[in-house]
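Values below: every heavy atom of this structure, side chains too, minus hydrogens, waters and symmetry copies. These numbers were taken from a predicted model, which means no experiment stands behind them.
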Amino acid sequence: MAQQRSKAATNGANAGKGAIFDLDGTLLDSMGVWDQIDIDFLHRRGFEVPADYMSKVSAMQFQQIAEYTIARFGLHDSPQELMDEWNAMAQVAYSSVVEAKPHAAEYLQALKDSGARLAVATSLPPELREPAMEHVGIAQYFDVLCSVDDAGDVGKDRPDVYLLAARRLGVPPADCTVFEDLLEGIRSAKSADMKVWAMHDDSSNMDWDSICSIADGVLFDFSDAPAAL
């Protein structure tokens with residue numbers, strides 16, 4: 001793959017193309033952080049994490065998760081109180097513990113060298129995504145950073161955040177490739193006429209067969225990512 005990347009970088013194979021990356025579970029090996037936050041948060045309130053909870057909230061926007069959690073468990077907290085507590089727990093992990101998926105930085109550099117424009121499309125708020133990207137050394141590769149908050153608080157079950165990233169990159173959706181680990185995000189990006197490469201993450205194991213049937217390609221780390229978009 002190194003030779004393929006070198007060739008792509010030399011001939012500008014990806015000029016005019018856009019690459020749009022999810023963070024949690026795709027560029028960042030971070031989904032285990034949220035699993036632990038869910039466990040610790042609910043344990044404080046006397047609950048075990050239900051088997052379907054993580055899959056239910058995986059594509060929701062942050063406030064939607066808080067509202068859903070309050071309703072499901074009959075909590076007396078406000079949505080903002082839950083989000084503040086989750087953020088405080090996550091900020092420590094994202095700024096010091098979370099690591100990048102294998103070969104992520106190398107691949108981002110190769111795409112930049114080949115002429116591609118790069119964007120982040122994430123559900124993470126700035127106070128989490130920015131420390132994490134700095135911590136793992138990938139912040140400098142991106143031309144655009146946007147979140148579901150920037151796309152009218154619409155979750156990844158709709159393509160709004162991917163389309164916003166494409167607009168900010170100045171690249172037509174059909175010339176964009178999305179890298180995503182969530183089934184709902186993959187479906188949404190495909191519905192917007194984008195190519196999608198799926199990154200395997202343990203959190204998406206239950207959906208892996210469906211993901212493989214929809215995505216244009218699948219990855220277990222970025223050593224297998226496409227040189228040409």
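In this structure, F21 and Y107 have perpendicular ring planes: the angle between them is above 60°, well past the 30° mark.
A pairwise comparison of heavy atoms in C176 and A166 identifies SG-CB, 3.8 Å as the closest pair. A227 and L111 get closest at one heavy-atom pair: O-CD2, 4.4 Å. Residues L82 and I70 approach most closely at CD2-CG1, 3.7 Å, considering heavy atoms. Listed here is the closest heavy atom pair of A93 and V33: CB-CG1, 3.7 Å. When every heavy atom of A104 is checked against every heavy atom of A100, the shortest pair comes out as CB-CB, 4.2 Å. Contact detail for S204 and I211: the closest heavy-atom pair is CB-CD1, 4.0 Å.
Summarising the geometry, atom OG belonging to S55 is positioned 12.5 Å from atom CG belonging to N205; distances are rounded to the nearest 0.5 Å. The CG atom of L108 lies 6.0 Å from the CD1 atom of I138; values are rounded to the nearest 0.5 Å.
Applying the salt bridge (Lys or Arg N to Asp or Glu O under 4.0 Å) rule to pairs touching residues 24-43 yields nothing, sequence neighbours excluded. Sorted by first and then second residue, the salt bridge (Lys or Arg N to Asp or Glu O under 4.0 Å) pairs involving residues 191-207 (not counting sequence neighbours) are K101-D201. Residue pairs meeting the salt bridge (Lys or Arg N to Asp or Glu O under 4.0 Å) criterion with at least one member in residues 47-59, sequence neighbours excluded: D52-R72. Residue pairs that meet the salt bridge (Lys or Arg N to Asp or Glu O under 4.0 Å) test with at least one member in residues 75-92, sequence neighbours left out, are R44-E85, R45-D77, R45-E85.
Annotation: side chain of P79 is in contact with side chain of E67 (closest heavy-atom distance under 4.5 Å). Using a 4.5 Å heavy-atom threshold, the side chains of L28 and V136 count as touching. Side-chain contact check for L27 versus Y141: every heavy-atom pair is 4.5 Å or farther apart. Considering only heavy atoms from C-beta on, R168 stays 4.5 Å or farther from L145 through its side chain.
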For residues 178-188, please give each side-chain donor-acceptor pair under 3.5 Å, one per line with the distance, not counting sequence neighbours.
from, atom 1, to, atom 2, distance (Å)
E180, OE1, K156, NZ, 3.0
E180, OE1, Y162, OH, 2.6
E180, OE2, L182, N, 3.2
D181, OD1, T26, OG1, 3.2
S188, OG, K156, O, 2.7
S188, OG, D157, O, 3.0
S188, OG, R158, N, 3.3
S188, OG, E184, O, 3.0

Under 3.5 Å, which donor-acceptor pairs link side chains of residues 123-130 to any protein atom two or more places apart or in another chain?
from, atom 1, to, atom 2, distance (Å)
E127, OE2, N87, ND2, 3.1
R129, NH1, L124, O, 3.3

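For P173, the side chain to side chain contact (heavy atoms under 4.5 Å, CB included) criterion is met by L163, M194, not counting sequence neighbours. With sequence neighbours left out, F220 forms a side chain to side chain contact (heavy atoms under 4.5 Å, CB included) with H200, W208. Contacts of A119 classified as side chain to side chain contact (heavy atoms under 4.5 Å, CB included), with partners at least two apart in sequence or in another chain: I20, V144, A165, L169. Looking at residues two or more places apart in sequence or on another chain, you find no ring-ring contact (aromatic ring centres under 6.0 Å, His included) involving F142. Residues forming a side chain to side chain contact (heavy atoms under 4.5 Å, CB included) with D149 (at least two apart in sequence, or on another chain): Q61, S147, D153. In this view, F41 and W86 satisfy the ring-ring contact (aromatic ring centres under 6.0 Å, His included) rule, not counting sequence neighbours.
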### Query
What's the verdict on side chain to side chain contact (heavy atoms under 4.5 Å, CB included) for F62 and V148, showing C-alpha distance, side-chain angles and the deciding distance?
CA-CA 9 Å; F62 209 40; V148 293; over 6 Å; no
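Salt-bridge annotation for D143 and K112: present, with a side-chain N of the basic residue lying under 4.0 Å from a carboxylate O of the acidic one.
Remark: side-chain polar atoms of N14 are not paired, donor with acceptor, to backbone N or O of S114 under 3.5 angstrom.
Tracing side-chain contacts under 4.5 Å through hydrophobic residues (I, L, V, M, F, W, Y), one never reaches M89 starting from V92; they form parts of separate clusters. Linking ILVMFWY side-chain heavy atoms closer than 4.5 Å, directly or via other members, places V98 and M133 in a single hydrophobic cluster. Residues V154 and L164 do not share a hydrophobic cluster, clusters being chains of Ile/Leu/Val/Met/Phe/Trp/Tyr side chains in contact below 4.5 Å. Hydrophobic clustering (side-chain heavy atoms under 4.5 Å, transitive across Ile, Leu, Val, Met, Phe, Trp, Tyr) groups M54 together with W34. L229 and V218 fall into different hydrophobic clusters, where Ile, Leu, Val, Met, Phe, Trp and Tyr are joined by side-chain heavy atoms under 4.5 Å apart, directly or via other members.
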